[in-house]
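A, B, ... follow the sequence lines: proteins, then strands. Residue 1 opens every chain.
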There are 2 protein chains.
Amino acid sequence: MAPKQKGNVDIVAVAKAAKVSPSTVSRTFNHPDLVSPATRKKINRAVQKLGYVRNRAAQMMHGKRSGTIGLVVPTINHAIFAEVIQAFSDAIDQEGFTLLLASHGYDLDREYEMVRKLMEHRVDGVALIGLQHSAATSRLIAQQETPAMAIWNYTEDSELPCVGADNRLAGRMAAEHLLELGHRDIGLIFPDTRGNDRAQYRLSSALETLQKGGVSVPEDRMSEAPYSVAQAKQAAIRLLSGPARLTALLCGNDVIAQGAVYGAQNCGLRVPGDVSIIGIGDFKGSADIEPGLTTIRIPAETIGTLAGQRFTAYITSETREQFRLRCRLERVVRGTTCSAA
Amino acid sequence: MAPKQKGNVDIVAVAKAAKVSPSTVSRTFNHPDLVSPATRKKINRAVQKLGYVRNRAAQMMHGKRSGTIGLVVPTINHAIFAEVIQAFSDAIDQEGFTLLLASHGYDLDREYEMVRKLMEHRVDGVALIGLQHSAATSRLIAQQETPAMAIWNYTEDSELPCVGADNRLAGRMAAEHLLELGHRDIGLIFPDTRGNDRAQYRLSSALETLQKGGVSVPEDRMSEAPYSVAQAKQAAIRLLSGPARLTALLCGNDVIAQGAVYGAQNCGLRVPGDVSIIGIGDFKGSADIEPGLTTIRIPAETIGTLAGQRFTAYITSETREQFRLRCRLERVVRGTTCSAA
DNA sequence: AATAGTATTGCAAACGTTTTCATAAATCTT
DNA sequence: AAGATTTATGAAAACGTTTGCAATACTATT
């Protein structure tokens, strides 16, 4: 059926089969209006018969766009990033772009390597998670004049165009919620903040808000946990079985919060009766656990979609005007928080 | 610091800056042993100064590999695929490849489009999830002679090289577990099996095993649920509040199983006291919920890593000998199953 | 029926590399 | 110290496209 010319089906093979010149074949793809319908039909038949597939690398060499966008994330294996990646991928796919994906495991030096690698493939743009990046990365982006953007975090003075949420506000909202409920003895469980501006912002603003509310959080009420339910559970147990009688736990993200819920239950404490727990993120599944997790919702899907749409528009436009989109946060009160005593 | 030649830093710019010919520059990258140390140093300095970044598209035009591998998944936004993608990405990255990722939402026609799109970018190989694909997809792969492999599912007679688990066995193991515990009234909740051979295999072999064990599962004990805790919960409630007095639920994957646990609890049934529940997959988090989910573990990370390693080896080898790897399944008994009454 | 357009096609250069071949310089033979 | 190797470099062709320009074949105008 498909005669496959030992794999070397290129535009000139098609031209030969259709008895026209390569130029005409090329034009049929790129400017069909300049080619007569009859010729077009001949060419399409030849394309069909030979199973020709366009070679974008070769096109690219004429200043055409590669049609790829690079996305560099800390990790793929994460409810929240998975959701962003999916939405971003769908959005750029809609515009004919393909996703080049790389992850760096929260290591900013590896992030640089990944960006470099993507640039070797001449991506039309590179999207990064968060606004904190190594100087080398910024220099590289500037030097190559590759369009770049930040996803997930928003600040009004960001260097890069960005689409995301205000993580400082997220930390504040979580703290305010606990404050409003009358909690004074509050523990914090956060991930390592190095190279993770999202967590950094959340933590510092939560702390600040609590302070302003007259609540101080000494060292022994803070704990660090990686992105893992099991380890967060351990961290919560440590905190809750310590000397301080905590009535609330503020967690850096929903996975940690989920672990904290199990940890509290494990200590024989009822949630929210004995201890209130709030997360940040509203991951898929946070609504489903029992009791439903109270959290500050960050609209991952919306962010991914918007980021994809804006970025492709940015890339294809001539003007290249900066954009900064702040996505609204939402306090989602479910079953893991209630007023203190 | 970096003078950036209006973005047109190519190999001849470097050559000019280092006062050598472009050939020598090229050689410095590809066959450094053929160029004198002194010259190499000059060239590296020029590269540094101009911020030159290799152009793989241009290399590719000389029969060099593109250095990219395409991965087409049903969806990224899925605990289980996210884990595979991460592991696969890391494994191929190790070998210098970059990941081109696309998703099709369980639509085999869209899968074809995605494969085609990846081939336009001349990926060095394309990995697909599962063994069931449209005829068009298979034809395209054969015609283009692009190395291809299947991830996640294993059968000994697969057309494509594959790394995965035997999903038939998974279904059987889950059914056997319930049978061994003495359950006779068993309900099934599975996702839509169209275009999803993993679910198909699991379902049919579970059904078959139950049958052999003398347990029949009439239509009204089967329910369909998409990949969503909330909807699985509803499906479980429907099943458990029906006329049949079910003592066990066999779920097509862990997300559904988790929903089923909540559904059972919602019906006032204790798990596993009143109803046993088993899932398939052992997703991240399945161990953490309360009670821990009994499941058939499919080692996603191992599969992803192995797939990446084997595929890159396959691609870079001359011989191209087929490979088929079956990853071991494991029955993980946690807290959601116990013997019938 | 001759002229001026217009629609369609082909030629050839260009894109940024790699690689074969040829050449020049350095080193080794004896 | 002359030839024989070996080492280091450069020139040019090739890869698969796109596109500006030139050429040809139509069509419309008078």
Side-chain angles (χ1 to χ4, degrees), chain A residues 5-44 46-47 50-68 119-124 144-146, chain B residues 5-44 46-47 50-68 119-124 144-146:
Chain A
Q5 217 72 352
K6 26 184 307 219
N8 303 332
V9 186
D10 60 0
I11 211 173
V12 1
V14 173
K16 208 164 290 175
K19 299 197 213 305
V20 295
S21 77
S23 338
T24 307
V25 178
S26 172
R27 261 188 293 257
T28 316
F29 297 132
N30 301 298
H31 315 281
D33 46 309
L34 294 183
V35 166
S36 88
T39 318
R40 247 184 292 162
K41 198 169 295 175
K42 270 196 305 185
I43 290 174
N44 285 329
V47 166
L50 277 69
Y52 170 72
V53 175
R54 293 219 305 297
N55 184 336
R56 309 203 58 151
Q59 306 190 262
M60 218 209 64
M61 296 196 48
H62 289 263
K64 287 227 156 181
R65 272 188 282 275
S66 72
T68 57
M119 285 182 169
E120 292 188 355
H121 291 286
R122 292 296 188 269
V123 290
D124 296 329
Q144 297 302 118
E145 297 178 334
T146 303
Chain B
Q5 219 71 351
K6 4 179 340 212
N8 303 333
V9 187
D10 59 359
I11 211 174
V12 358
V14 173
K16 207 164 290 175
K19 296 194 213 306
V20 296
S21 77
S23 337
T24 308
V25 177
S26 173
R27 260 189 293 260
T28 324
F29 296 133
N30 301 297
H31 314 281
D33 46 310
L34 293 184
V35 38
S36 87
T39 320
R40 247 184 293 164
K41 197 169 293 176
K42 269 197 306 185
I43 290 173
N44 285 328
V47 166
L50 276 69
Y52 170 72
V53 175
R54 292 221 304 297
N55 184 336
R56 307 202 61 150
Q59 305 190 264
M60 219 208 62
M61 296 196 48
H62 291 264
K64 287 227 157 183
R65 272 188 282 275
S66 72
T68 57
M119 284 180 168
E120 291 188 356
H121 291 287
R122 293 297 188 269
V123 289
D124 296 329
Q144 296 303 118
E145 299 179 333
T146 303

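The base of D:dG16 sits with one of its N or O atoms less than 3.5 Å from a complementary donor or acceptor on the side chain of A:H62.
A donor-acceptor pair under 3.5 Å links the side-chain atoms of B:D124 to the main chain of B:S66, judged by distance alone. Remark: the backbone N or O of A:E120 is not paired with any side-chain donor or acceptor of B:R56 at under 3.5 angstrom.
Heavy atoms of A:S36 sit under 4.0 angstrom from primed sugar atoms or phosphate atoms, though from no base atom. When heavy atoms are screened at a 4.0 angstrom cut-off, A:R54 is found touching no nucleic acid atom at all. Across all strands, A:F29 comes closer than 4.0 Å to no nucleic acid atom at all (heavy-atom distances). Counting non-hydrogen atoms under 4.0 angstrom, A:T24 reaches the backbone sugars and phosphates but no base. Within 4.0 Å (heavy atoms only), B:S26 reaches at least one base atom of the nucleic acid.
Scanning all heavy atoms of the two residues, the minimum distance from B:R122 to B:T68 falls at O-OG1, 4.1 Å. Of all heavy-atom pairs between B:V123 and B:T146, the closest is O-CG2, 4.0 Å.
D:dC15 atom C1' lies 12 Å from atom CZ of B:R122, rounded to whole Å. The CE atom of B:M60 sits 19 Å away from the P atom of C:dC15 (whole-angstrom rounding). The NZ-C1' distance, from B:K41 to D:dA8, rounds to 17 Å in whole Å. Regarding B:N30, its CG atom lies at a distance of 12 Å from the P atom of C:dT20, rounded to whole Å. Computed from coordinates, the B:K42 NZ to D:dT9 P distance equals 7 Å when rounded to whole Å. Counting to the nearest Å, the P atom of D:dC21 and the CZ atom of A:R27 are 13 Å from each other. As rounded to whole Å, 19 Å separates atom P of C:dA14 from atom CG of B:N55. Rounded to whole Å, the distance from NZ on B:K16 to C1' on C:dG16 is 13 Å.
When the side-chain nitrogen and oxygen atoms of B:H31 are compared with OP1 and OP2 of C:dT18, none of them lie within a distance under 4.0 Å. At C:dT9, one or more side-chain N or O atoms of A:T39 fall inside 4.0 Å of OP1 or OP2 (strictly under the cut-off).
Candidate nucleotides D:dT18, C:dG16, C:dC11 were compared by shortest atom distance to the side chain of B:D10, and C:dG16 ranks first. Nearest nucleotide to the side chain of A:P37, out of D:dG10, C:dT8, C:dT17: C:dT8. Of the candidate nucleotides D:dG10, D:dT17, D:dT19, D:dT19 has the atom lying nearest to any side-chain atom of A:K64. The listed nucleotides are D:dG10, D:dT9, C:dT9; the one nearest the side chain of B:S21 is D:dG10.
The side-chain heavy atoms of B:I43 and B:V20, taken from C-beta on, include a pair separated by under 4.5 Å.
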### Message
Between B:T39 and B:S36, does the side chain to side chain donor-acceptor pair (under 3.5 Å) criterion hold? Intermediate values first, please.
### Response
CA-CA 5 Å; B:T39 320; B:S36 87; 2.7 Å; yes
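Between B:K19 and A:V53, it is B:K19 whose nearest contact on DNA chain D lies nearer the 5' terminus. In terms of position on DNA chain D, the residue among B:L34 and B:G63 whose nearest nucleotide sits closer to the 5' end is B:L34.
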